[in-house]
Amino acid sequence: GTYNTILYITNVSHCLPEMVVNLMFLLQVIKVYSEDNTSKAVEVPSDVTAQDVCQLFVLKNHCIDDHAWTLFEHLSHLGIERALEDHEYVMEVLSSWAMDTDSRLYFRKNYAKYEFFRKPLDFFPDHMVSISSETNGMVDHCDLIQTFLNSSTCPEIHGYLHAKEQSRKSWKKSYFVLRRSGLYFSNKGTSKEPRHLQFFADFSDSDVYTVLAAKKLHGAPTEFGFCVKVRALLCADDEQTRTCWITAMRLLKFGMQLYQNFIQPHQKQKASPMRSISENSLVAMDFSGQKSRVIENPSEVLSVAVEEGLSWRRKSCHRLSGHGSPSTAQSSVLNIAIHVAQPWFHGKLSREESHRLIAQQGLIDGVFLLRDSQSNPKTFVLSLCYMQKIKHFQILPVDDEGELFYSLDDGQTRFTDLIQLVDFYQLNRGVLPCKLRHHCARITL
């Protein structure tokens with residue numbers, strides 16, 4: 001099963017009978033899966049939270065704790081899943097599962113978990129958000145998140161959704177309105193008058209799930225399905241619309257608790273002398289002179305990076321060959337060997353699988369991975385998320401008088417290996433729509 005119960009009793013020989021209960025504690029054995037479907041069973045206390053379990057696996061697997069690790073609830077028999085909030089009690093979630101169903105907990109990255117606190121504009125389009133029918137005004141995006149967190153105000157999300165109730169087979173497109181009191185749909189166009197709004201679902205005691213394979217399993221008009229378990233299935237026309245609805249429901253349900261979850265790791269970092277892991281902490285440095293200095297000019301960063309790469313490559317090849325100049329074959333072997341162990345390289349991952357992996361780990365700007373090209377075995381592909389869409393960029397090998405380089409821009413910017421290429425585009429956007437921020441990672445439990 002997914003979990004078992006173990007009862008531990010301390011030495012109670014000197015205790016009064018009424019004290020025995022207080023000296024007992026309950027441990028549960030839960031099974032958690034990774035994205036490659038390997039699993040590990042661990043003992044946890046009965047009041048363990050999702051964040052506690054993530055911290056446990058971060059430590060056990062020696063992962064870098066960038067606060068993106070998340071526990072997912074995956075209900076295969078219903079074709080739905082959701083990210084557990086950090087504060088949720090895991091045993092309460094497991095106790096709601098029906099017997100003899102393939103329900104699982106997954107441990108994986110979720111870079112989009114709290115991104116709406118950093119970039120609310122990316123999650124809440126102007127045309128979908130208003131403050132309330134009472135104030136009859138639009139939300140100032142500077143105060144948007146605060147409006148959700150403040151229980152005295154009434155934020156509102158509105159727009160068209162496709163819906164299919166359990167008792168029906170067909171999908172119907174209606175105008176929906178989300179308020180603190182619940183989700184409603186209008187029976188007269190886009191009217192928000194009370195007499196035209198019909199109650200659809202209450203999410204205060206229900207969780208919001210992403211629907212997997214909505215077209216195949218439920219005949220949905222698009223793949224952007226979600227549901228308020230298990231009242232009815234909903235479907236948006238695009239990813240941004242679905243993300244807006246789901247994020248708003250999370251904020252209205254959990255409110256300030258979500259913000260506390262978001263700031264808690266950052267508060268710990270302030271109290272800790274350890275260096276923060278973020279793109280803002282990455283700077284280009286020059287150590288060639290007597291004093292080190294920060295390189296601010298992007299052109300100089302590129303030239304220094306290329307020169308450093310060439311120098312390192314020559315030294316490495318020289319050590320491998322034991323002679324003077326390295327051969328092209330030796331250089332090629334070295335270039336191949338040094339990137340395969342990197343967490344952002346996913347080998348023979350297909351285009352469709354790269355889409356799924358990036359979508360699972362968060363459709364926010366800068367989530368990326370590198371993989372072998374399926375169409376050309378001598379090239380590689382950078383798969384990158386930008387504006388909630390996944391784009392693919394071919395990395396071509398460039399041969400210059402026996403020297404092998406890699407390039408994203410037809411040889412204009414060259415790198416001696418893929419590690420150097422990734423390092424550069426984490427600091428510089430270059431020809432890409434955005435910098436590389438978060439790599440997709442897979443671990444084996």
Side-chain angles (χ1 to χ4, degrees), residues 50 72-73 75 77-89 92-98 103 116 123-124 128-135 139 144-145 147-168 170-188 190-212 214 218 220 224-236 241-261:
F72 281 80
E73 178 188 10
L75 308 179
H77 61 292
L78 297 176
I80 59 177
E81 74 172 18
R82 72 179 180 99
L84 298 189
E85 304 297 350
D86 287 339
H87 66 275
E88 285 191 76
Y89 292 111
E92 289 184 5
V93 174
L94 269 57
S95 66
S96 68
W97 292 354
S103 303
F116 55 87
F123 287 76
F124 298 103
M128 290 185 64
V129 186
S130 60
I131 193 72
S132 73
S133 56
E134 291 137 21
T135 59
V139 173
L144 177 60
I145 298 300
T147 305
F148 277 105
L149 300 179
N150 189 349
S151 59
S152 64
T153 57
C154 185
E156 183 179 279
I157 304 296
H158 46 80
Y160 282 99
L161 288 172
H162 306 270
K164 185 172 87 71
E165 298 190 58
Q166 283 185 322
S167 58
R168 299 182 179 180
S170 60
W171 290 80
K172 182 181 179 181
K173 191 171 186 177
S174 301
Y175 189 78
F176 279 80
V177 178
L178 176 65
R179 293 173 177 169
R180 287 200 183 277
S181 55
L183 183 63
Y184 303 83
F185 70 94
S186 177
N187 57 19
K188 188 177 181 180
T190 59
S191 173
K192 297 181 185 178
E193 292 185 29
R195 61 196 178 99
H196 295 145
L197 290 180
Q198 293 190 2
F199 179 79
F200 187 81
D202 177 15
F203 51 86
S204 60
D205 294 323
S206 302
D207 296 307
V208 184
Y209 291 78
T210 298
V211 178
L212 308 173
H218 305 287
F224 310 108
F226 63 103
C227 67
V228 181
K229 185 189 176 185
V230 277
R231 170 73 172 82
L233 296 173
L234 296 165
C235 183
T241 302
R242 174 170 70 171
T243 300
C244 179
W245 285 100
I246 293 177
T247 305
M249 290 177 181
R250 288 176 61 204
L251 277 165
L252 289 178
K253 178 176 180 179
F254 297 109
M256 189 57 72
Q257 180 63 63
L258 281 191
Y259 184 69
Q260 293 297 330
N261 295 349

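Everything numeric in this text was worked out from a predicted model, so none of it was measured.
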With sequence neighbours left out, write down each residue that passes side-chain contact (heavy atoms from CB on, under 4.5 Å) with [X], or none if nothing qualifies.
X	answer
His77	Leu75, Thr101, Ser103
Lys173	Tyr160, His162, Asp237
Ala236	Leu161, Phe224, Thr241, Arg242
Tyr184	Ser181, Leu197, Phe199

Checklist outcome for this item: By salt bridge (charged side-chain N to carboxylate O under 4.0 Å, His left out), Arg250 pairs with (sequence neighbours left out) Glu85
Next on the checklist: Among residues at least two apart in sequence or on other chains, which ones pass salt bridge (charged side-chain N to carboxylate O under 4.0 Å, His left out) with Glu193?
Outcome noted: Arg195
Among all residues two or more places apart in sequence or in another chain, which pass the side-chain hydrogen bond (donor to acceptor under 3.5 Å, both in side chains) test with [X]?
X	result
Ser191	His196
Asn187	none
Gln257	Asn261
Glu88	Arg82

Is there a side-chain contact between [X] and [Y] (heavy atoms, below 4.5 Å)?
X	Y	value
Leu258	Phe116	yes
Val177	Ile157	no
Lys253	Val208	no

Can you tell me how far apart [atom1] ([X]) and [atom2] ([Y]) are? Round to the nearest 0.5 Å.
X	Y	atom1	atom2	value
Ile145	Thr247	CD1	OG1	8.5 Å
Leu144	Leu149	CG	CG	9.5 Å
Phe176	Gln198	CZ	CD	10.0 Å
Glu81	Tyr209	CD	OH	10.5 Å

Item to check | For His87, ring-ring contact (aromatic ring centres under 6.0 Å, His included) partners two or more places apart | outcome: Phe254
Using every non-hydrogen atom in the two residues, find where [X] and [Y] come nearest and quote the distance to one decimal.
X	Y	value
Met249	Phe226	CE-CE1, 4.0 Å
Cys244	Phe124	SG-CD2, 3.7 Å
Val211	Cys227	CG2-N, 4.1 Å

Item to check | Check: Trp171 side chain, His218 main-chain N or O, donor-acceptor pair, under 3.5 Å | outcome: yes
Checklist entry - For Asp207 and Val93, what are the C-alpha separation, side-chain angles and deciding distance, and is it a side-chain contact (heavy atoms from CB on, under 4.5 Å)? => result CA-CA 10 Å; Asp207 296 307; Val93 174; over 6 Å; no
